[in-house]
Each structure stands twice: as C-alpha cells, then as structure tokens.
Amino acid sequence: MKFEYYLLFNDQIVCEGVILSMYKNKISIIGTGYVGLVTGVCLSDFGNTIINVDIDEEKIKKLNEGIVPIYEAGLEEIMKRNVEAGRINFTTDIESAIKESEVIFIAVGTPPDEDGKADLSAVLSVAETIGKNINGYKVIVNKSTVPIGTGRRVAAEIQDQMAKRAVNYDFDVVSNPEFLREGKAVHDFMHPERIVIGTDSEKAKEILTEVYRSLYLNNTPFVFTNLETAEMIKYACNAFLATKISFINEISILCEKVGADVQKVSLAMGLDSRIGSKFLHPGPGYGGSCFPKDTRALVKIADEYGVDLKIVKGAIEANERQKYHMVEKIESHLVELKGKKIGILGLSFKPDTDDMRESPSLTIIPELIKKGATITAFDPAAIKEAVWRLKEYEKDIVYCANEYEVMKGVDALVILTEWNQFRRLDLRRVRNLMKGDYFFDLRNIYEKKEIENAGLKYVGVGLPERKEDLDYEKKQTTIESGL
Ligand code: NAD
C-alpha cells in the first residue's frame, strides 16, 4: 500500500510522489534467507532504509550482483527497484549494520536439533554480536520462529555482553513472528492477515508501528501482546494448520477403505464456516521448513513443561504415515516395484518454490528406489536442490528437462507437487509417451473421468478406487434402498 500525495500551487500540481514509511532510521535484517530477504525487500518497498545482512558470503555476493538466490514470484523486480532507489543494500558486515541501525530484525534459521528442539545457536549468536556492538537505543525484533522464552534469553544475552563491556544502553526486544507462505511470500508480506507485535515497551511498539506504517494505515489488524504470547501464537498457528492437513489425510485413508470420496467430504466440511476450506486438501503429507520442525519443537517445549500435546503428536505421526501410505498405494497397484520405471512430477514441498526442506518427495522417492524402482523426475524450480538432497540415490534418478520427458517409457506417472503446469497436461501425449498406464494423482488435481478417457488408470488420494470399495458402495446403496 502506498499513499500518493500531490502539492498544489494555484491549482497546479507542483510536486507529487508517494509517502511510504515515516520511519527514517536504518533497519538491519540479520539473516537473508526466505524470511529475511522478503522482509528486507518488502520493508524497503514500504520506504524504509534496509541493510540486509548474512554470514553467507556467496549469497551476499549474488545479491549484490542483482541475483535473487531463492525462487519467489515478484521478489527480484521489487528488489531491483529498491536497490536502484538506494533503499536496500546487502552486506556481511554485521557489526557496522548493528551500529548504524535503530531497529534490528533477527531472521536467521532455527532448524531442529537431533531431539527435534529448535536450535537457537544462530539466534543467540546474533544476540551476542548485538551485545558486543550496541552503541545506543535499539529495538531487537525477532522474526525467527523460536520457543517461548527466547525473547527473554536474547535480552539476557545482550545485557551480559554489555556488562562485559561495562556499558549499559537501553534496548527493547520484540517478538514479531512471520506468517508468510513460501511461493506467495511477497504477496503475504504486503497483504498480511495480521501483524503480531509482542513487547512490553510502548516505545518499541510505536517504532514498529512506524516501520509497518503502510500496513497499519491500510487497516491490517495489529495484535499487540507480550513477548511470550507472540512467540506462542506462531507455534499455535503452525501446529493447528499441520493438524488440519493431517486430519484430512487420515480421513482420506478411511475414505479409500469405505468407498467415500474425500474431495466431497472436504468440500462439504469446508463450506461450514466454523471449519473453513483451507488446508483441507488431502495429499502426500505436509513438508517444508516450518510445519514439520515447528510441530516437533512445540511438542518438545510442552514436554519441558510437563504438558502432553496429544493432538500435535498425532498430527506428526499421521503425517509420517501418509508419506509411506503413498508408497504402499503405488506399490499395491503396480503389484511390485522391482524393475519399474516411475515418472515423478514435482519435487518441491509445494508449488512456486524451490524449497525441498522436508518435502514428501524426499521420503517417497528413496522408498520407491529401495523397493527396486528407478525414477525420472522433473520440477520447474527444485531440480538443483533435489540433486544434492537426493545425492545418495543419484544412480537411480534421471532429472528431465520438462514434464513430457519424464513420461517416456515409464510404468507409472506420479504427481507429487501441484505446479500449475502439471494441471493441464496433454493427456493423449502422456498416454502415448508412457509404457504403462497408471496415473497417480497424489494432489487430486485431475478428474478420474478425464484421465480414464485418455486411456489411463487413475489413482487419487482418498477416492474409491478398488473393486472391493466399489462392491462396498454397491452394498451400501442396496441396504439404503431396502433391496
Ligand atoms: P533460511 O535458512 O532460508 O535463512 C536463514 C539465513 O540466516 C541464512 O541465509 C543463513 O546464512 C543466515 N544466518 C545464519 N546464521 C547467521 C548469523 N549468525 N548472522 C547472519 N546470518 C545468519 O531460513 P528461513 O526459511 O528464512 O527461516 C528463518 C526463520 O523464519 C526460521 O526461524 C523459520 O522457522 C522462520 N519462518 C520461516 C518461514 C518460511 O516460510 N521459510 C515462514 C515463517 C517463519
């Protein structure tokens, strides 16, 4: 949202422009990954002056050459425009960035450690560096997803470092969790459903309201709360969404057994405004950098407080099972996987991103290979990622230049990620290219009929598909009609 202004003199426009942020001091974003880069670029587009920092020299070098290291629609264009306007720059010099800025966002990774707990080493290392370099009042804004209590630990670390230097500057720590979706990150940042600001400090609240001024004036709901509540909100949201997906995936397994159609179940459920239709689509399980790690981390946090989060644990377990259920589904139809050639469409955990962190493909492809299959695969953005993540299986995977190359001579085709370009395949061409005739649509993006009309056998998720299921359906109808 931008606010246009016009200065009039004798009814003539003498000056016009766009008022964006009213915040005039510099802002540093430490960590220039998915969240940090999108935050930096979008905040600069709101009119703020941004220093994006990362320890990864290669990444910063690329950004300084105008190359965006991640695949995110619209990002490169907005970045270019703000680099040209001098509102954003990229550096590895974290010390200077801290000294020059009043607001410092922390957006480094919090990957799971071997126990599933969030690894806070990067967040705490940034806090240490802030403490070593703080030279005046700062607002430290945590955008990384962190366990409840981390904001206080960040404050304590900064205080410790200042004590060692025998200085004592005023500072505030704020929790400002990020809710953007990869693939739609720019849109989500520019049009958020809410901004959560967790702090006890009125001064920090006012500064952040200025930083997000364009959103504030645009009536985006702002939730002001304390640090702990803001940190909890992020985990509660992700755990709820993951649970919703696992719920419909479990229902889909039952649908397959009883001859029900999960698509209709999901449609009717979603029409209930108390439930809502989003995140109610069955598939091969959720993945990505957030849901798997945040659900596991939440369970660990709860364990530490003696709280048994049974529902979240169930969602995690159901998600793991779903990936294996997909392999069993493919195996049961092909009778055996040994010697079979399987074409895979989509490798990223969802469309419009090259992110493969915890993608279902990283479980499903190795399982198919272990059972004796070989793979041809294509993804519009994630092949580079797949090559190193699936390195162990490289001799059994051929990466293809496009979706049709994948299909040549395969026994079965599997849609793993619902990229738009896989939604309108030339089905006659598909049939002609394939050796076998099984079409596994693990995202339910096709109608059974259209696939069958092309001479292929359709297998979706949560749909009646087996003879015994159809028999069951027939039996039910007979019972209902009293025959
Ligand atoms: P990422 O791995 O893409 O990026 C993290 C970046 O931080 C990397 O570029 C890394 O080099 C850099 N870094 C690590 N240590 C550093 C240090 N000491 N100083 C400077 N830079 C450092 O991670 P991400 O996906 O952007 O996630 C960041 C945080 O945001 C995580 O806590 C994540 O859970 C959360 N989050 C992610 C998403 C998402 O969709 N990816 C959405 C909401 C929240």
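Hydrogens, waters and symmetry mates are skipped; everything else that's a heavy atom, side chains included, is used. None of the values given here were measured: they were computed from a predicted structure. For ligands, and for the atoms within them, numbers begin at 1 and follow the listed sequence.
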Would you call the rings of Phe222 and Tyr216 parallel, tilted or perpendicular if under 30° counts as parallel and over 60° as perpendicular?
perpendicular
Once you measure the plane-to-plane angle for Tyr212 and Phe105, does it fall in the parallel (<30°), tilted (30-60°) or perpendicular (>60°) bin?
perpendicular
Side-chain donor-acceptor pair under 3.5 Å between Lys24 and Thr49, yes or no?
no
Just checking, any donor-acceptor pair under 3.5 angstrom between side chains of Ser348 and Asp355?
no
Please name all residues satisfying side-chain contact (heavy atoms from CB on, under 4.5 Å) with Glu228, sequence neighbours left out, ordered by chain then number.
Ile148, Arg152, Asn226
Please report the shortest heavy-atom distance between Asp352 and Tyr71, naming the atom on each side.
O-CD2, 3.5 Å
Under a strict 4.0 Å criterion on non-hydrogen atoms, which protein residues are in contact with ligand 1?
Ile30, Gly31, Thr32, Gly33, Tyr34, Val35, Asp54, Ile55, Asp56, Lys59, Ala107, Val108, Gly109, Thr110, Ala122, Ser125, Val126, Ser144, Thr145, Glu178, Leu180, Glu182, Lys234, Ser289, Cys290, Lys293, Arg357
